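A short write-up of the structure that comes next.
Sequence lines set the chain letters: A, B, ... in the order given, protein chains first and strands last, and positions in each chain run from 1. Note that these values count all heavy atoms, side chains included, but never hydrogens, waters or copies made by symmetry. Since this is a predicted model, take the numbers as computed values, not measurements.
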2 protein chains.
Amino acid sequence: MALEHAILVSLDERSGSGYELAQRFEKSIGFFWAATHQQIYRTLKRMVDLGWVSCHEVTQDGRPDKKVYEVTGGGRAELTRWLSSPGEPETVRNDLAVKVRGASLGDAGAVIAELARHRDLHAERLDVYLAFEKKDFPDPSALSGRRLHQYLILRGGIRAEQGLVEWCDEALAAMREDQRR
Amino acid sequence: MALEHAILVSLDERSGSGYELAQRFEKSIGFFWAATHQQIYRTLKRMVDLGWVSCHEVTQDGRPDKKVYEVTGGGRAELTRWLSSPGEPETVRNDLAVKVRGASLGDAGAVIAELARHRDLHAERLDVYLAFEKKDFPDPSALSGRRLHQYLILRGGIRAEQGLVEWCDEALAAMREDQRR
DNA sequence: GGGTGCAGTGCAACTAGTTGCATAGGTCAC
DNA sequence: GTGACCTATGCAACTAGTTGCACTGCACCC
């Protein structure tokens, strides 16, 4: 499982509370790992037990108190161990593909509409990523270390969304053509 | 959840036992939905309770008896309903991306090796898919209905693997270049 | 006759992830 | 002053998926 490790990477960049982490997961880290606040709070608790992160409460005024977590030596050791251990590619799960495959057993028009909806969702996400790229990484060839790695992740997100938009377009064209015949 | 629906699509094409389904999931359906035999047996049982599939035992000689499942009217109704209902794109989960993002906190060389390993895995899968394409769909423009949908799914798999291979190559080149400096 | 391997089904225990709800302090607008 | 919204944490119950094991029957090879 990589949620722990995604949290370690994120906390290593900057210590923070569960709430802050949840927001980071909604944004940058969410390109390649999704997590709800529930999952994060529970996992943080487990990670404290494992000695991978430490926690101290911070009293705030004007807003509720929070618990700030930071990575310990044990956490860094675990991260190093994990980075060097092999893993398998995630198993694919694609609702939309199941729908396309089943289109001839139901309402093909509805599946086409669903494809078009997903096409637009992916195009929207792609635009967001491309805007990040333009703004945050204007000169990719100059990057190194952590900044390079952040850039590469973004590139992965861009490629994935591009591929999905193109696939939706291909499928839409073929299925619409098939319907006309 | 789409495992039920993936099973319905598969059983609608051809009735079969849990064992057979598990094999189909290892092959064709596995392009876009992974499932173990355990999951399949459990889900089939639930689907019988829901009235989506019916089950009858088949005595075999030379091998153990089996239970053959087939889709009922209720199952087809459920499938139609689901095909017309909107769904969200799956949340992404990518171990390898987490590793790349964390590469500067551990052994960057190990992450590079892991990238190279995954690159080869994806290239291998891509070859398998391309061979299917060549063999099973020599003339895509002539396809319609179910055959077209099967082809489009395969195209999705091909695009996804191609994108991953290219991304691995991009990341490998950049990280190796960064190491040399 | 003993090992390997395929076909076939399943339980039990576990880990991971989702959903709904609760609570509590504070700001800001109408 | 009250309703909407943001920060902040968490429990409980559920659904989904994984892992390890167990059993049966038969075939085929050495």
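The distance from atom CD of B:Glu57 to atom P of C:dT9 is 9 Å, rounded to the nearest whole Å. Between the CD1 atom of A:Ile40 and the P atom of D:dT9 there is a distance of 11 Å, given to the nearest Å. Rounded to whole Å, the distance from CG on B:Leu44 to P on C:dG10 is 9 Å. Across the protein-nucleic acid pair, A:Tyr41 atom OH and C:dA22 atom P stand 18 Å apart, rounded to whole Å. Taking atom CD of residue B:Gln60 and atom P of nucleotide C:dC6, one finds them 17 Å apart after rounding to whole Å.
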Which pairs would a plain distance check flag for residues 149-159 of chain B, meaning a side-chain donor or acceptor within less than 3.5 Å of a matching protein atom at least two apart in sequence or in another chain?
residue: B:His149; atom: ND1; partner: B:Gly145; partner atom: O; Å: 3.3
residue: B:Gln150; atom: OE1; partner: B:Arg147; partner atom: NH1; Å: 3.1
residue: B:Arg155; atom: NE; partner: A:Glu170; partner atom: OE2; Å: 2.9
residue: B:Arg155; atom: NH1; partner: B:Glu133; partner atom: OE2; Å: 3.2
residue: B:Arg159; atom: NE; partner: A:Glu170; partner atom: OE1; Å: 3.0
residue: B:Arg159; atom: NH1; partner: A:Glu166; partner atom: OE1; Å: 3.1
residue: B:Arg159; atom: NH2; partner: A:Glu170; partner atom: OE1; Å: 2.8

Please output the side-chain donor-acceptor pairs of residues 31-57 of chain A that fall under 3.5 Å, not counting sequence neighbours, one pair per line with the distance.
residue: A:Thr36; atom: OG1; partner: A:Gln39; partner atom: N; Å: 3.4
residue: A:Thr43; atom: OG1; partner: A:Gln39; partner atom: O; Å: 2.6
residue: A:Arg46; atom: NH1; partner: A:Glu4; partner atom: OE2; Å: 2.7

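Considering only residues two or more places apart in sequence or on other chains, B:Glu124 meets the salt bridge (Lys or Arg N to Asp or Glu O under 4.0 Å) condition with none of them.
Within 6.0 Å of CD on B:Glu177 lie more than 12 heavy atoms contributed by other residues, nucleotides or ligands.
Applying the 3.5 Å distance criterion, the base of D:dG10 shares a donor-acceptor pair with the side chain of A:His37.
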I'd like a list of close polar pairs between nucleotides 15-19 of chain D and the protein, N/O only, cut-off under 3.5 Å.
residue: D:dG17; atom: OP1; partner: A:Arg93; partner atom: NH1; Å: 3.0
residue: D:dG17; atom: OP2; partner: B:Gln39; partner atom: OE1; Å: 3.2
residue: D:dT18; atom: OP2; partner: B:Gln39; partner atom: NE2; Å: 2.8
residue: D:dT18; atom: O4; partner: B:Arg42; partner atom: NH2; Å: 2.9

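In this structure, the side chain of B:Lys99 engages the main chain of A:Ser85 through a donor-acceptor pair within 3.5 Å.
Listed by first and then second residue, the ring pair (Phe, Tyr, Trp, His ring centres under 6.0 Å) pairs that reach into residues 66-120 of chain B are B:His5-B:Trp82, sequence neighbours excluded.
Closest approach of B:Pro89 and A:Leu121 over heavy atoms only: CD-CD1, 3.8 Å. Scanning both residues, B:Gly75 and B:Leu8, for their nearest heavy atoms gives O-CD1, 3.7 Å.
Nearest nucleotide to the side chain of B:Pro64, out of C:dG25, D:dG10, C:dG8: C:dG8.
Atom CG of A:Leu143 and atom OG of A:Ser141 lie 7.5 Å apart (nearest 0.5 Å).
Residue contacts for A:Gln23: at a heavy-atom cut-off of 4.0 Å it reaches the sugar-phosphate backbone alone, with no base atom in range.
Residues from residues 10-19 of chain A with heavy atoms under 4.0 angstrom of DNA chain D, sorted by number: A:Ser17, A:Gly18, A:Tyr19.
In this structure, B:Lys67 reaches the C:dG10 phosphate: one of its side-chain N or O atoms is under 4.0 Å from OP1 or OP2. Checking the phosphate oxygens (OP1, OP2) of C:dG10, no side-chain nitrogen or oxygen of B:Lys66 falls inside 4.0 Å.
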